[in-house]
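Reviewing the structure listed below.
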Protein chains: 2
Amino acid sequence: MQVKLEDVAKLAGVSPTTVSRVLNNRGYISEKTRKKVEDAIKELNYYPNDIARSLFKKRTNFIGLILPTINNPFFSELALYIENICSNYGFKVILCNSLGQLEKEKSYAEMLIRHQVDGMIVCSYNRGIEAYKNPKLPIVAIDHYLSPTIPVIGSDNYEGGRLAVQHLIDVGCKSIIHINGPFDLETPTQNRRKAYEDLVEKPITYELNNLFNEEATAATIRQIFNDYPETDGIFASDDLIAATCLKVAQELHIDVPKQLKVVGYDGTQTVSSLLPQLTTIRQPIEDIAKTAVIKLNEIIEETQNDKTMEIILPVQLVKNRTA
Amino acid sequence: MQVKLEDVAKLAGVSPTTVSRVLNNRGYISEKTRKKVEDAIKELNYYPNDIARSLFKKRTNFIGLILPTINNPFFSELALYIENICSNYGFKVILCNSLGQLEKEKSYAEMLIRHQVDGMIVCSYNRGIEAYKNPKLPIVAIDHYLSPTIPVIGSDNYEGGRLAVQHLIDVGCKSIIHINGPFDLETPTQNRRKAYEDLVEKPITYELNNLFNEEATAATIRQIFNDYPETDGIFASDDLIAATCLKVAQELHIDVPKQLKVVGYDGTQTVSSLLPQLTTIRQPIEDIAKTAVIKLNEIIEETQNDKTMEIILPVQLVKNRTA
DNA sequence: TTGAAAGCGCTAACAT
DNA sequence: ATGTTAGCGCTTTCAA
């Protein structure tokens, strides 16, 4: 049996109330009593039961984090910052990998509600999740429009797309192809595509429907060189896709950057360590994390002054050797 | 105010017990009553409060996952699998990034205990954490010896080191250097170093004390080429270090693999996408995750038959272009 | 400065 | 087949 507050009280010869007071530093306690209680806590190696506390307080200090997969440099970097900042706020993070599946995401969202999380950060979205519609539940989204009442944090996707494509044009590309994830209006990342379409005369976008399967991505890219052998520039909507482009180019003996220039998107630390030659658009990942947590905390604490529904942070072109 | 079981009971015109029975599918309930209750649940959009349930059952279905940083391909892949498998077992994962800091790790461990986690998976270890010593707390460790009573899961580090070094020898290296993290007896990953020392005549190991700082790593590697210009082979204790070796080699105009051969360690999907040319030792990450969760679950459920304290899974040499 | 008692939302004996 | 009651471990009025 776990040691509980009552055991501490008995050993210290005081009432449970007094022990609670010492634990929470509330009300008046004589130094003598405090000492007795503290000694008892040490002696019994007592840890307060936060579940019981949460039940009473109706506050768990849990935050749910829903993302497609943590095994992706962008999300793992984002998650690292989010968890770190949350921990400064006293929040604990429950990790949920939806794998992009509606059923999984739905059941995670419901699980989080049953566990009484104080709020959720959602970086993934499949339509039709009722749980997100509850206006009482504090949620912030990253790069996804969940509902009109849920604030969205993200970087300047249009500007990122513009910087990428303009750079390809500036370095002489004539036939630029864009590769993106599934076409989906619910995410502002589609603005990367929009910028591309606005800047290029005859835009051609290839859609990747299974981002989790690198072989499928490679097959699509091979198809591109088959369909459009004149391609001399690729703007990939994330760095992993860009990496696969480089892989396929090498396999087809296409020289990068001489014959083909490639720009990726995200600019994580992991990619800059493993693939330092990649030219990419760097998102301000730490800022996104910080902004999301601060915003969520404001909603939870009901201290929101700024009711902005979409926060857009600046991006940066990082020039390296692939473009 | 959140809707609670009692509200459902009132609306359905039954007692709270009956509602609880419907929710948990326990005992006899007439179809009629069940229907009434289910309708009330729908109408009120009721979600059971798992905090209250946990308090009663003394079972939270929470698992704490402590690792140095999720923003590392090995840990993010491991965490993905662990979370996935946990979710099949009905466990929810609380993510803790210790950043290798004793104070952080200690406070995470205590937080997890206060939150009444059913168990913990620890992939990080700083000596002197009392919380791990509680024999009542189910823990499994990955690649770290926390205490004699805590089972350790990992891959065959000695064999991995042997495969890596033997391969470098086989492809003709005469002066092989090893780069490893901080020398620390508490982790079986030191067996990678041991294998190196057993296989090489005049072993020289460089220690990296700050794995989180790529620039420091690069500086150490530059130092190697300064101290030992004859170096023609490097066995790095992880792929990120290996990547930095390649970066520095390029900077110093050392041709890989002609003048220098490099073997890494881990063989994650992320590295194989971003740095496909790297020769490395692949750990069976999914198996490690699966084994850890199954073992932890056995300890929690007290159904452990196999009391093995160290489970060692096989590794594999993945030959690519850097060696 | 301290204690007694009620209750957070749920479950499970034990009754009926 | 359903309801009554007590209690999980804690906090907080309220009283002393």
Side-chain angles (χ1 to χ4, degrees), chain A residues 1-38 40-41 44-62 110-118 136, chain B residues 1-41 44-62 90 110-118 136:
Chain A
M1 201 41 218
Q2 276 283 62
V3 12
K4 51 195 188 188
L5 187 140
E6 203 189 322
D7 303 320
V8 176
K10 267 184 197 143
L11 181 63
V14 297
S15 76
T17 314
T18 303
V19 178
S20 172
R21 282 202 183 94
V22 173
L23 287 173
N24 297 288
N25 256 313
R26 206 186 304 293
Y28 299 93
I29 317 121
S30 72
E31 266 319 305
K32 223 183 188 165
T33 314
R34 154 169 277 127
K35 175 106 183 44
K36 272 193 303 184
V37 171
E38 278 166 353
I41 288 174
L44 295 173
N45 194 26
Y46 168 72
Y47 292 100
N49 182 331
D50 271 353
I51 291 293
R53 206 177 264 189
S54 293
L55 180 59
F56 186 91
K57 295 245 192 120
K58 295 164 186 300
R59 238 286 204 168
T60 57
N61 290 315
F62 271 122
E110 287 170 5
M111 175 277 275
L112 293 173
I113 290 175
R114 290 198 311 268
H115 270 284
Q116 315 297 113
V117 293
D118 293 341
K136 309 284 267 177
Chain B
M1 200 43 219
Q2 277 281 62
V3 9
K4 53 194 185 189
L5 187 141
E6 202 189 321
D7 302 321
V8 176
K10 266 185 197 142
L11 180 63
V14 297
S15 77
T17 314
T18 303
V19 178
S20 172
R21 284 202 182 94
V22 173
L23 287 172
N24 297 288
N25 257 312
R26 206 187 303 293
Y28 300 94
I29 316 120
S30 72
E31 267 319 304
K32 222 181 187 166
T33 314
R34 155 168 276 126
K35 175 109 185 41
K36 273 195 303 188
V37 172
E38 277 166 354
D39 289 348
I41 288 173
L44 295 174
N45 194 26
Y46 167 74
Y47 292 99
N49 182 332
D50 271 354
I51 291 293
R53 207 177 263 192
S54 293
L55 180 59
F56 186 90
K57 297 244 193 123
K58 297 167 185 298
R59 236 289 203 168
T60 57
N61 291 314
F62 272 122
E110 286 170 6
M111 175 278 274
L112 292 172
I113 290 175
R114 289 198 312 268
H115 269 285
Q116 314 296 113
V117 292
D118 293 340
K136 311 284 268 174

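Being a predicted model, the structure only gives us computed values, none of them experimental. Convention: sequence-line order gives letters A, B, ...; per-chain numbering from 1.
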Problem - Pairwise 5' ranking along DNA chain C for B/Val19 and A/Thr18, keeping only the more 5' one - result: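 Comparing both residues, the 5'-ward one is A/Thr18.
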In whole angstrom, give the distance that lies between atom [atom1] of [X] and atom [atom2] of [N].
X: A/Lys32; N: C/dT1; atom1: NZ; atom2: C1'; value: 13 Å
X: B/Ile51; N: C/dT11; atom1: CD1; atom2: P; value: 13 Å
X: A/Gln2; N: D/dG7; atom1: CD; atom2: C1'; value: 18 Å
X: A/Asn49; N: D/dT11; atom1: CG; atom2: C1'; value: 13 Å
X: A/Arg59; N: C/dG9; atom1: CZ; atom2: P; value: 17 Å
X: A/Leu55; N: C/dC10; atom1: CG; atom2: P; value: 9 Å
X: A/Arg34; N: C/dT2; atom1: CZ; atom2: P; value: 10 Å
X: B/His115; N: D/dG9; atom1: NE2; atom2: P; value: 17 Å

Exercise for the section: Start with the C-alpha gap between A/Glu31 and A/Arg34, add the side-chain angles, then the distance that decides, and say whether salt bridge (Lys or Arg N to Asp or Glu O under 4.0 Å) holds. Expected result: CA-CA 5 Å; A/Glu31 266 319 305; A/Arg34 154 169 277 127; 3.7 Å; yes
Practice task
Quick one: sort the A/His115 and B/Phe62 rings into parallel, tilted or perpendicular, breaks at 30° and 60°.
Solution key: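 A/His115 vs B/Phe62 ring planes: tilted.
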Counting heavy atoms from C-beta on, name the nucleotide in [options] closest to the side chain of [X].
X: B/Ser15; options: D/dT4, C/dT11, C/dC8; answer: D/dT4
X: B/Leu5; options: C/dC8, D/dC10, C/dT11; answer: C/dT11
X: B/Thr33; options: C/dT2, D/dC10, D/dT2; answer: D/dT2
X: A/Leu23; options: D/dT11, D/dC8, C/dG9; answer: D/dT11

Handout entry: Partners meeting salt bridge (Lys or Arg N to Asp or Glu O under 4.0 Å) with B/Asp50 (sequence neighbours left out)
Key =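 In terms of salt bridge (Lys or Arg N to Asp or Glu O under 4.0 Å), with neighbours along the sequence ignored, B/Asp50 is linked to A/Arg114, B/Arg53.
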Exercise for the section: Using atom types as modelled and distance alone, determine if a side-chain donor or acceptor of B/Thr60 lies under 3.5 Å from a backbone N or O of B/Ser54. Expected result: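 No, B/Thr60 side chain to B/Ser54 backbone: no donor-acceptor pair under 3.5 Å.
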Problem - Backbone N/O of B/Lys36 and side chain of B/Asp39: donor-acceptor pair under 3.5 Å - result: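 No: the side chain of B/Asp39 does not pair with the backbone of B/Lys36.
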Write down the protein N/O and nucleotide N/O pairs, taken from nucleotides 12-15 of chain D, whose separation is under 3.5 Å; answer none if there are no such pairs.
residue	atom	partner	partner atom	Å
D/dT12	OP2	A/Arg26	NE	3.0
D/dT12	O4	A/Thr17	OG1	3.2

Completion exercise
Intra- and inter-strand pairing of DNA chain C, written as dot-bracket with Watson-Crick and G-U pairs under 3.5 Å and | for the latter, reads ||||||||||||||||
Practice task
Examine C/dG9: is either OP1 or OP2 under 4.0 Å from a nitrogen or oxygen in the side chain of A/Lys58? Give yes or no.
Solution key: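 For C/dG9, OP1/OP2 do have a side-chain N/O of A/Lys58 under 4.0 Å.
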Practice task
May I ask you to verify if any side-chain N or O of B/Tyr46 is less than 4.0 angstrom from the OP1 or OP2 atom of C/dG9?
Solution key: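 So the side chain of B/Tyr46 is outside the cut-off, no N or O lying under 4.0 Å from OP1 or OP2 of C/dG9.
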Practice task
Search all heavy atoms of A/Asp118 against all heavy atoms of A/Asn61 and return the closest pair with its distance.
Solution key: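 Scanning both residues completely, I find the closest heavy atoms to be OD2-N, 2.6 Å.
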Exercise for the section: For B/Lys57, enumerate each residue passing the side chain to side chain donor-acceptor pair (under 3.5 Å) test, keeping only those at least two apart in sequence or located in another chain. Expected result: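 B/Lys57: no side chain to side chain donor-acceptor pair (under 3.5 Å) contacts found.
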Practice task
Taking side chain to side chain donor-acceptor pair (under 3.5 Å) as the test, write out the residues that go with A/Ser30, two or more places apart.
Solution key: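 A/Ser30 satisfies side chain to side chain donor-acceptor pair (under 3.5 Å) with A/Thr33 once adjacent residues are dropped.
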Atom pairs and distances, side-chain donor-acceptor, residues 11-21 of chain B, under 3.5 Å, sequence neighbours left out:
residue	atom	partner	partner atom	Å
B/Ser15	OG	B/Thr17	N	3.4
B/Ser15	OG	B/Thr18	N	3.4
B/Ser15	OG	B/Thr18	OG1	3.3
B/Ser20	OG	B/Asn24	ND2	3.4

Exercise for the section: Evaluate the criterion side-chain contact (heavy atoms from CB on, under 4.5 Å) for residue pair A/Gln116 and B/Asn49; output intermediate values, then yes/no. Expected result: CA-CA 7 Å; A/Gln116 315 297 113; B/Asn49 182 332; 3.4 Å; yes
